[in-house]
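Throughout, a chain's letter reflects where its sequence line sits, starting with A, and its residues are numbered from 1.
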Number of protein chains: 2
Amino acid sequence: MSDSPRKHTEALGRILELVVVLSDDMTTSLAAQGLTDARAHLLWELHQRGPSTQRVLADALRVSPRNITGLVDALVATGFVTREPHPTDRRATLVSFTEHGAAVTAAMERDQHEFARILFADMPDDRFACLMEGLDDVLARLRAHGVSVETARTSPDPGSEAG
Amino acid sequence: MSDSPRKHTEALGRILELVVVLSDDMTTSLAAQGLTDARAHLLWELHQRGPSTQRVLADALRVSPRNITGLVDALVATGFVTREPHPTDRRATLVSFTEHGAAVTAAMERDQHEFARILFADMPDDRFACLMEGLDDVLARLRAHGVSVETARTSPDPGSEAG
DNA sequence: CGACATAGTGAAGGTGCATCACGATGAGCG
DNA sequence: CGCTCATCGTGATGCACCTTCACTATGTCG
C-alpha cells in the first residue's frame, strides 16, 4: 500500500512523457509542411467548419480576434487560405482554403489515420480495449477533479514522416 | 476488421485530448504561481540537477544558450533563482534556487504526487496495470516508428488547484 | 605564448498571444 | 430616417519564447 504513490507518480510520468513526445512530433511534422502549431490548428478548424469568418475562428481557437488576423495574414501569405468578402455582412471576411491548403489539410487527416494505425494496428485487442478504458477513466477523473476540459476538439496531425 | 481504423483514430483522439487537457491545466496552475511553462521547466531541471551553469540548462532544455539567458533573467527578476559566479570557471555562472524558488519547486513536486494520487488512487489494480502496459506499448511503438523520444524527462507540475 | 574551444550576452528578427482604440458596418428603435 | 449600440476586423503596443550571428572574456592545449 505504501508503494502506491510511487507507482502513481510513475504512471503520471509516463503520460507526461507521451504528452511531450506527441507534441514534439506534431510540431516537427507540421514544420515540414511550412506550418506552425497555431496555423495548423486554424486550418484544422477551417476543415471542420468550412469557410468561416475570423470571428468564428477566434471563438473556435479560443484566442483573441486580433490574433486570428495575424494567423490568417500568415496563412494567406503562404498560400494556404484566402480572404474573401462575406456575401451578406460587409464587415466580415470569409476565410477559405486554397487548393494547396485543402490538399495539405487532407494530407494531415490521412497522416493522422496512418499514425493511429501505426500505434495500434498490431496491438492485441484486449490490451487495446484496456488502454482505452484506462484513458477514458483518467479523462473522467480529470473532469471530476474540476479541470477545464472544454479545450476544443482533438488537435491536428501528428503524422511524423508517415506521409 | 474494417472498423479498426475508426477505433484507432478514436483512440488517438483520446490521447490527444489528454495532451490538450493536461497541458492546459499545467499552464494554468503554473501561471497561478507567477510562472510560465518555459520558466517552470527550467526550475524543474534545476531541481533535478542542483545548481547548474546556463550551458548545462541549455542542453537539458534543448534550447539555445541565449534563450537560457533570458529565462534566467526573468527568474532572477521574479526572485526564483540567483546567478552566482562559478567557483572554478570564471566564464560560467551558477544558477541556484532562492528560498522562494526552492519552496515553489518543492510545492510543484508535492502537487504532482497529489495529482497522480487523484488520478489513480481509486482505480482498480488490474485496470491500472493494464493502462500502464498500454502506455508503455504506445511509447515503445512511438520509438520504433523513429519518433525522437529524447525530449527530456517528465515535465513539471500539473497540480491544478490541488496545492 | 598562440590557436582554438567554450560560457554568456547584445542585437535583431520571427511567431504566438493579449489589450486597447478605432473605423466600418449592421441592426433595433423611436 | 436617423440615432444608438453591438459587432467585425485591424493598427498600435507590449510580453514571452525562441533562433542565429557577432563579440567579449575565459579556459585549454600544444
Can you check the [X] [atom1] to [N] [atom2] distance for me, whole Å?
X        : N       : atom1 : atom2 : answer
Leu71(B) : dG8(C)  : CG    : P     : 13 Å
Asp24(B) : dC17(C) : CG    : P     : 12 Å
Arg83(B) : dG8(C)  : CZ    : P     : 9 Å
Gln54(B) : dT6(C)  : CD    : C1'   : 13 Å
Asp73(B) : dT9(C)  : CG    : C1'   : 9 Å
Arg55(B) : dT9(C)  : CZ    : P     : 13 Å
Glu84(A) : dC8(D)  : CD    : C1'   : 17 Å
Leu75(A) : dT15(C) : CG    : C1'   : 12 Å

So if I take every side-chain heavy atom of [X] and compare against [options], which nucleotide ends up nearest?
X        : options                  : answer
Thr36(B) : dG9(D), dC17(D), dT20(D) : dC17(D)
Ala38(A) : dT20(D), dG9(D), dC17(C) : dC17(C)
Thr53(B) : dG16(C), dC8(D), dG8(C)  : dG8(C)
Asn67(B) : dT19(D), dG8(C), dC8(D)  : dT19(D)

Could you go through residues 118-131 of chain A and list every donor-acceptor pair under 3.5 Å that involves a side-chain atom there, pairing it with any protein atom two or more places apart or in another chain?
{"unit_1": "Asp122(A)", "atom_1": "OD1", "unit_2": "Arg141(B)", "atom_2": "NH1", "d": "2.4"}
{"unit_1": "Arg127(A)", "atom_1": "NH1", "unit_2": "Asp137(B)", "atom_2": "OD2", "d": "2.8"}
{"unit_1": "Arg127(A)", "atom_1": "NH2", "unit_2": "Glu133(B)", "atom_2": "OE1", "d": "2.7"}

* Would you say dT19(D) has OP1 or OP2 under 4.0 Å from some side-chain N or O of Ser64(B)? -> yes
* Asked: Ile68(A) near the nucleic acid: base, sugar-phosphate alone, or nothing, with a heavy-atom cut-off under 4.0 Å?
  -> nothing
* To do: Please confirm whether the backbone N or O of Val76(B) pairs with a side-chain atom of Thr78(B), one donor and one acceptor, at under 3.5 Å?
  => no
* **Main-chain N/O of Glu84(B) paired with Thr93(B) side-chain donor or acceptor, under 3.5 Å** =>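 Looks like no, no N/O pair under 3.5 Å.
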* Residues in salt bridge (charged side-chain N to carboxylate O under 4.0 Å, His left out) with Arg55(B), at least two apart? ->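 For Arg55(B) the salt bridge (charged side-chain N to carboxylate O under 4.0 Å, His left out) partners, ignoring immediate neighbours, are Asp59(B).
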* With sequence neighbours left out, write down each residue that passes salt bridge (charged side-chain N to carboxylate O under 4.0 Å, His left out) with Arg90(B), or none if nothing qualifies. =>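 With neighbours one apart ignored, the set is empty.
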* Asked: For every nucleotide of nucleotides 23-30 of chain D, 5' to 3': is a protein heavy atom under 4.0 Å from its base (B), only from its sugar-phosphate (S), or from neither (-)?
  -> --BBS---
* Residues that His100(B) engages under ring pair (Phe, Tyr, Trp, His ring centres under 6.0 Å), provided they are two or more places apart -> Phe80(B)
* Asked: For Ser96(A), which residues count as a side chain to side chain donor-acceptor pair (under 3.5 Å) partner, sequence neighbours excluded?
  ->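 For Ser96(A) there are no side chain to side chain donor-acceptor pair (under 3.5 Å) partners, ignoring immediate neighbours.
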* Asked: Does a distance-only test, which skips hydrogens and angles, find a donor-acceptor pair under 3.5 Å between the side chain of Arg66(A) and the base of dG9(D)?
  -> no
